[in-house]
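Read the structure below first, then the notes.
For the numbers below, each heavy atom of this structure counts, side chains included, while hydrogens, waters and symmetry mates do not.
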Amino acid sequence: MAVHYCGLCRRTAFTGRRHRYSAGHRRRLQDALARLQEAAATARAAAADADAAVRPYDPAEHDGRFWCPCCGRGVLRDGRHGGLALPQAGLLRHLAGPEHRRETARFWRENRAEAALQERCLVPTEEYERFVRALDRALAEHQRREEERIRQMAADIREAERRQRETVQAALQVVSTGLYSRDTPHDAEQPSLSGTQTGPDLLWMESGQSLTFIGHQEAEGKGNVHTGAKPPWLTEEEDGTKQEIGPSYEEFLRQSEQLAHLSVNLSHFTELEN
């Protein structure tokens, strides 16, 4: 009994090469060829529109792979050029390569696939070369646009810096003009009261002058602690005695006795109610 391992079905068949004619193998062969033809058609459509086949690179979107049943390995679907992604460029390069053409012929021969479908799973070399030239033009155009955008950004930055310098210079000029007007002599020509000055004149004192301290002005027996007067508890009455603040000691004892009697009466009243 012949033992045969089928890579397409991924199983070992004990019927030998007759396994290739079984219904399960033929069904899997048709599904694999349909996926390969669809991928080849999508790649060739992208080759026809290579001018739009330049996009920013995104690992989640452009790192996908396609399983080639003829070569028995995964193929990177998109290409990459620096920070740019080239959709379908990797698959087109594989489908147009000599290795895929050789493995496709072997796969068709071993699986007895329909010969008319073989060319649909291949990309002619001339077509791939046209795609490469169009892709080079698209990359050059994209680089030109990026350089133009960078030059425009640099021009905008220089313009913003120029406006900022002009604003700073104008502000410094206003400040220097104000300092100059403050340092002019006092006897110089001053605007009249009917002029534009609406607030108080803060430059009424000439430079170099200072205020004269005339000491604390106290009024005997008048004023408060903030003006230097004595606090009330330190003042004396007219007869020479100091004014007492609060009740006397005798008054305090009398009030304490009254509170004690009141507490006793309240406790007695509480016992009667209970």
*Verify salt bridge (charged side-chain N to carboxylate O under 4.0 Å, His left out) between R35 and E38, making sure each step is shown before the conclusion.*
CA-CA 5 Å; R35 289 193 297 270; E38 182 181 0; over 6 Å; no
Could you check if a side-chain atom of [X] sits within less than 4.5 angstrom of a side-chain atom of [Y], using non-hydrogen atoms only?
X	Y	value
R27	S22	no
R80	H62	no
L139	H81	yes
Q152	R149	no

Would you compute the distance between atom [atom1] of [X] and atom [atom2] of [Y] and round it to the nearest 0.5 angstrom?
X	Y	atom1	atom2	result
L36	F107	CG	CZ	8.5 Å
R109	Q118	CZ	CD	9.5 Å
L84	Y57	CG	OH	12.0 Å
E99	T104	CD	OG1	10.0 Å
L91	C68	CG	SG	8.5 Å
Q30	H25	CD	NE2	10.5 Å

Say whether, by atom type as modelled, one donor and one acceptor occur between the side chain of [X] and the main chain of [Y] under 3.5 angstrom.
X	Y	answer
R28	G24	yes
D78	A85	no
R144	E146	no
R20	E110	yes
W108	E114	yes

_Pairing of E161 and R158 as salt bridge, 4.0 angstrom limit_ =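 Looking at E161 and R158, the cut-off is not met.
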*Can we say E103 and R106 salt-bridge, meaning some charged N sits less than 4.0 Å from an Asp/Glu carboxylate O?*
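Looking at R106 together with E103, the answer is yes, because their closest N to O distance falls below 4.0 Å.
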Just checking [X]: does its [atom1] atom have more than 12 heavy atoms from other residues, nucleotides or ligands closer to it than 6.0 angstrom?
X	atom1	result
R93	CZ	no
Q37	CD	yes
Q164	CD	no

Closest non-hydrogen atom pair between [X] and [Y], with its separation:
X	Y	answer
A46	F131	O-CE1, 4.3 Å
A40	C121	CB-CA, 4.4 Å
A113	L33	CB-CD1, 4.0 Å

Should [X] and [Y] be regarded as members of a common hydrophobic cluster, given that ILVMFWY residues are connected when their side-chain heavy atoms come within less than 4.5 Å of each other, either directly or indirectly?
X	Y	result
L122	L29	no
W67	V75	no
L76	L135	no

*Derivation of the salt bridge (charged side-chain N to carboxylate O under 4.0 Å, His left out) call for R162 and E159*: CA-CA 5 Å; R162 185 187 63 80; E159 179 65 19; 2.4 Å; yes
*Under the ring-ring contact (aromatic ring centres under 6.0 Å, His included) rule, collect the residues that match up with H94, sequence neighbours excluded.*
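Expected list: H100.
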*Polar contact flag, side-chain donor to acceptor under 3.5 angstrom, E251-Q255*: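 Looking only at side-chain atoms, Q255 and E251 do form a donor-acceptor pair, the distance falling under 3.5 Å.
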*Please step through salt bridge (charged side-chain N to carboxylate O under 4.0 Å, His left out) for the pair E141 and R145, ending with a clear verdict.*
CA-CA 6 Å; E141 178 65 20; R145 290 195 301 267; 3.7 Å; yes
*Starting from the C-alpha separation in whole Å, work towards a yes-or-no answer on side chain to side chain contact (heavy atoms under 4.5 Å, CB included) for R65 and R77.*
CA-CA 5 Å; R65 292 180 174 270; R77 186 183 298 271; over 6 Å; no
